[in-house]
Colleague: 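Below is a structure I'd like to ask you about.
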Amino acid sequence: HQNTLMRAVGKARRAWQQHVREVARSMGIPESYRTVIMYLYHHPGAGQRHIAQFAGITTSAVNQAVKSMEREGYLRKETDPSDKRGSCLYLSERSILIAEQLHSRLAVSDGGITALIGAEKEAEMIALLENVADYIRRELPTC
């Protein structure tokens, strides 16, 4: 296969995702919990539907993880005051510490990548990739 820009982007993305999974696993974070923990760390009080949309998984998959996480003390549910049928999810103190540690470890990894390519080239790459993403969303036909 000829190496194209989008193949290289995909390869880098898969390598990063694998790194994130391995770091989380080394910390004892179950894979099904990682996304929920990090999403709630950045969006306290979010509902399961928001997590599912963000992660690109079904609400039933999130529901299963949330039930286990609640049972194991990773999070708590509160009734959504604006919709009594829904729930707002909050991390436990333990999970907040886990999220902070994971965030910190990944920041070190991200810093290593910046050091590898340099801050100026990183800024150029970010701008270029944002342009590519905009082009794909706006210009490329779906059929």
Side-chain angles (χ1 to χ4, degrees), residues 1-78 80 82-83 85-143:
H1 281 174
Q2 177 183 350
N3 199 18
T4 66
L5 172 63
M6 295 315 296
R7 280 197 183 115
V9 167
K11 185 177 179 181
R13 181 174 181 260
R14 287 187 298 278
W16 178 254
Q17 288 174 322
Q18 184 61 35
H19 174 71
V20 170
R21 279 191 291 273
E22 289 171 5
V23 170
R25 187 175 19 253
S26 77
M27 294 176 62
I29 303 169
E31 179 61 24
S32 61
Y33 294 10
R34 180 180 50 83
T35 301
V36 176
I37 288 171
M38 294 313 292
Y39 189 83
L40 291 176
Y41 179 65
H42 294 287
H43 305 93
Q48 293 180 27
R49 188 172 26 100
H50 294 109
I51 297 167
Q53 288 171 341
F54 170 79
I57 57 177
T58 65
T59 51
S60 65
V62 173
N63 185 40
Q64 284 182 313
V66 164
K67 280 182 183 178
S68 297
M69 292 174 75
E70 188 177 23
R71 199 172 37 249
E72 295 173 30
Y74 282 91
L75 57 78
R76 72 179 193 285
K77 278 183 180 182
E78 294 180 9
D80 185 342
S82 65
D83 177 4
R85 296 169 297 157
S87 297
C88 298
L89 303 173
Y90 298 92
L91 294 177
S92 66
E93 287 183 33
R94 164 187 170 203
S95 294
I96 291 170
L97 291 174
I98 289 169
E100 287 171 349
Q101 290 172 348
L102 179 58
H103 189 271
S104 176
R105 287 184 64 181
L106 294 176
V108 170
S109 299
D110 200 26
I113 294 168
T114 300
L116 173 71
I117 63 173
E120 190 175 311
K121 283 205 188 287
E122 179 186 50
E124 289 173 25
M125 287 178 70
I126 290 169
L128 287 168
L129 290 171
E130 286 174 352
N131 286 340
V132 168
D134 289 344
Y135 175 80
I136 290 169
R137 281 191 290 270
R138 281 194 329 263
E139 304 293 333
L140 293 184
T142 56
C143 324

Colleague: Mind checking the CD1-CG spacing from Ile96 to Leu75? Nearest 0.5 Å is all I need.
Modeller: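 The CG atom of Leu75 is 11.0 Å from CD1 of Ile96, to the nearest 0.5 Å.
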
Colleague: So do the side chains of Leu89 and Met69 get within less than 4.5 Å of each other, counting heavy atoms only?
Modeller: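 With C-beta onward as the side chain, the pair stays apart.
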
Colleague: Would you please name every residue forming a side-chain hydrogen bond (donor to acceptor under 3.5 Å, both in side chains) with Ser32, sequence neighbours left out?
Modeller: none

Colleague: Has Met125 got more than 12 heavy atoms of other residues, nucleotides or ligands less than 6.0 Å from its CE?
Modeller: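 No - once you tally the heavy atoms of other residues, nucleotides and ligands closer than 6.0 Å, there are 12 at most.
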
Colleague: Roughly how far, to the nearest 0.5 Å, is the CZ atom of Arg7 from the CD atom of Gln2?
Modeller: 7.5 Å

Colleague: Looking at His43 and Tyr39, would you say the former's side chain and the latter's main chain have a donor-acceptor pair under 3.5 Å?
Modeller: yes

Colleague: Which heavy-atom pair separates Ala99 from Leu91 by the least distance, and what is that distance?
Modeller: CB-CD1, 4.5 Å

Colleague: Looking only at non-hydrogen atoms, find the nearest pair between Gly45 and Cys88 and report the distance.
Modeller: O-CB, 3.3 Å

Colleague: Measure the acute angle between the ring planes of His103 and Tyr41, then classify it against the limits of 30° and 60° as parallel, tilted or perpendicular.
Modeller: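 Correct class here is tilted.
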
Colleague: Would you say Ser104's side chain and Gln101's backbone share a donor-acceptor pair under 3.5 angstrom?
Modeller: no

Colleague: I'd like to check the salt bridge (charged side-chain N to carboxylate O under 4.0 Å, His left out) partners of Glu78; sequence neighbours left out, ordered by chain and number.
Modeller: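 Applying salt bridge (charged side-chain N to carboxylate O under 4.0 Å, His left out) to Glu78 gives Arg76.
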
Colleague: Between Arg21 and Gln18, does any side-chain donor sit less than 3.5 Å from a side-chain acceptor?
Modeller: yes

Colleague: Would you name the heavy atoms of Ile37 and Ser95 that are closest together and state the gap between them?
Modeller: CG2-O, 4.1 Å

Colleague: How long is the span from the CG atom in Leu116 to the CD atom in Glu122, to the nearest 0.5 Å?
Modeller: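 Here the rounded value is 10.5 Å.
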
Colleague: Sort and list the pairs that fulfil salt bridge (Lys or Arg N to Asp or Glu O under 4.0 Å) and have at least one residue in residues 130-142, not counting sequence neighbours.
Modeller: Asp134-Arg137

Colleague: On a heavy-atom basis, which atom in Gln48 and which in Thr59 lie closest, and how many Å separate them?
Modeller: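 Shortest heavy-atom separation between Gln48 and Thr59 comes out as OE1-O, 4.2 Å.
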
Colleague: Do Trp16 and Val20 have side-chain heavy atoms sitting under 4.5 Å apart?
Modeller: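 Yes - at least one pair of side-chain heavy atoms lies under 4.5 Å apart.
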
Colleague: So, taking the atom named CZ in Arg13 and the one named CE in Met6, what distance separates them when rounded to the nearest 0.5 Å?
Modeller: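 CE of Met6 is found 10.0 Å from CZ of Arg13.
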
Colleague: Is it the case that over 12 heavy atoms from other parts of the model lie below 6.0 angstrom from the CD atom of Glu93?
Modeller: no

Colleague: Take Lys121 and Glu124 through the salt bridge (Lys or Arg N to Asp or Glu O under 4.0 Å) test and state the conclusion after the steps.
Modeller: CA-CA 5 Å; Lys121 283 205 188 287; Glu124 289 173 25; 5.2 Å; no

Colleague: Does atom CD of Glu100 have more than 12 heavy-atom neighbours, drawn from other residues, nucleotides or ligands, at distances under 6.0 Å?
Modeller: yes

Colleague: Answer whether the closest heavy-atom distance between the side chains of Tyr135 and Leu140 falls below 4.5 Å.
Modeller: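 A side-chain contact exists here, since the closest heavy-atom pair is under 4.5 Å.
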
Colleague: What is the distance from atom CD1 of Ile51 to atom CG of Asn63, rounded to the nearest 0.5 Å?
Modeller: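 If I round to the nearest 0.5 Å, the distance is 10.5 Å.
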
Colleague: Whether Lys67 and Glu70 form a salt bridge (side-chain N of Lys/Arg under 4.0 Å from carboxylate O of Asp/Glu) is what I want to check.
Modeller: no

Colleague: Check whether any side-chain heavy atom of Arg49 lies under 4.5 Å from a side-chain heavy atom of Val62, and answer yes or no.
Modeller: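 No; the side chains remain at least 4.5 Å from each other.
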
Colleague: Is there a side-chain contact between Asn3 and Lys11 (heavy atoms, below 4.5 Å)?
Modeller: no

Colleague: Using side-chain heavy atoms (C-beta onward) and a distance below 4.5 Å, is Tyr74 in contact with Val36?
Modeller: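 Contact flag for Tyr74/Val36 side chains = no.
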
Colleague: Measuring from Leu102:CG to Met38:CE, what's the distance to the nearest 0.5 Å?
Modeller: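 Output value for this atom pair is 5.0 Å.
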
